[in-house]
Amino acid sequence: MTTQDTELLYLPSDLQKDLLPQHVAVIMDGNGRWAKRQGLPRIMGHKRGVDALKDLLRCCQDWGIKALTAYAFSTENWKRPQEEVEFLMSLFQRVLRQELREMVEENVQIQFVGNLEALPTALQAEISYSMAETKNNQSIKFTVATNYGGRQEILQACRAIAHKVQDGILKPEDISEELFASHLYTAGIADPDLLIRTSGEMRLSNFLLWQMAYGEIYITDTLWPDFDRREFHRALCAYQQRERRFGKV
Ligand code: FPP
């Protein structure tokens, strides 16, 4: 948190507590561009990106937001240069190890969604450990999408349901929205109310395709490492101006 942000330690008075989103999701874009602008290697952007994410998690707790989901690594991100992929994998592992104690103390429940089996074994072990250690925590649900792709998530849900129909466990007419959602990686996690994307790109990039059916989208030109409480405050003000109709008039 910067010194300027300390004035935003508590919920700003222009935000209405009962109109806050319950669940905020973020596409943390622009780390590479941020680093380039500073004349630094791309990986420095990811390191600063971790700080921005930690600040946002803390801010959600301070302001009473109950769930935060961050897109850390997409199924397409494997196509990046090998050294960047390796750096990101070791960064996830290191950050998890360093932050676990604080997450336990702060009552944060961390969970990971995505095709986790394809991640390095040591990272998988760190993920399982951190999820087990925090599973009963209740102050905030912090979900990290890692090796996540929305289409792949939908396909694996379809396959799982098809097998159950084939085995006679389910009938085709049993397939409802609720049943389908319970086969997604995000089973048990409410849909996001607000998705924030940094660095000005106006697309979902295969993130939470099913879950974002009615979620509000907020896009800012700010690059992810510069996304701070002030920016989050702006996003929440914009969200509170929106009229959510869920298809009704
Ligand atoms: C996108 O920016 C960012 C990523 C692919 C990585 C995001 C990951 C973190 C911030 C680390 C999170 C850590 C944990 C433990 C959850 P980009 O590289 O695509 O930026 P660019 O579009 O400017 O190149």
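Every number for a ligand or one of its atoms is a count from 1 in the order of the listing. Source: prediction; values computed, not measured.
- If you look at R80 next to ligand 1, the close heavy atoms, those under 4.0 Å, all belong to the side chain.
- Residue contacts with ligand 1: G32 is placed with a nitrogen or oxygen under 3.5 Å of a nitrogen or oxygen of the ligand (distance criterion only).
- For ligand 1, the polar-atom distance check finds an N/O of N31 within less than 3.5 Å of one of the ligand's N/O atoms.
- With a 4.0 Å cut-off on non-hydrogen atoms, T146 does not touch ligand 1 at all.
- Counting heavy-atom neighbours within 6.0 Å of E177 CD, excluding the residue itself, gives a total of 12 or less.
- Close contacts between ligand 1 and G49 involve ligand atoms 10 (C) [criterion: under 4.0 Å to a heavy atom].
- Atom 14 (C) of ligand 1 has as its closest protein heavy atom F92 CD2, 3.8 Å.
- Near V95, the atoms of ligand 1 lying under 4.0 angstrom from a non-hydrogen atom of the residue are 15 (C).
- Closest protein heavy atom to atom 1 (C) of ligand 1: M28 O, 3.2 Å.
- Distances between N or O atoms of D29 and those of ligand 1 include at least one value under 3.5 Å.
- Remark: ligand 1 atoms within the under-4.0 Å shell around heavy atoms of R33 are 21 (P), 22 (O), 23 (O).
- With hydrogens left out, the protein atom closest to atom 6 (C) of ligand 1 is A72 O, 3.4 Å, a heavy atom.
- Close approach of ligand 1 to V144 is summarised as follows: ligand atoms under 4.0 Å from at least one heavy atom of the residue are 16 (C).
- Residue, atom and distance of the protein heavy atom nearest to atom 24 (O) of ligand 1 are R42 NH1, 3.0 Å.
- With a 4.0 Å cut-off on non-hydrogen atoms, L223 does not touch ligand 1 at all.
- Checked against a 3.5 angstrom limit, the closest N/O atoms of Y71 and ligand 1 fall outside it.
- Here R58 pairs with E102 in a salt bridge; the nearest charged N to carboxylate O distance falls below 4.0 Å.
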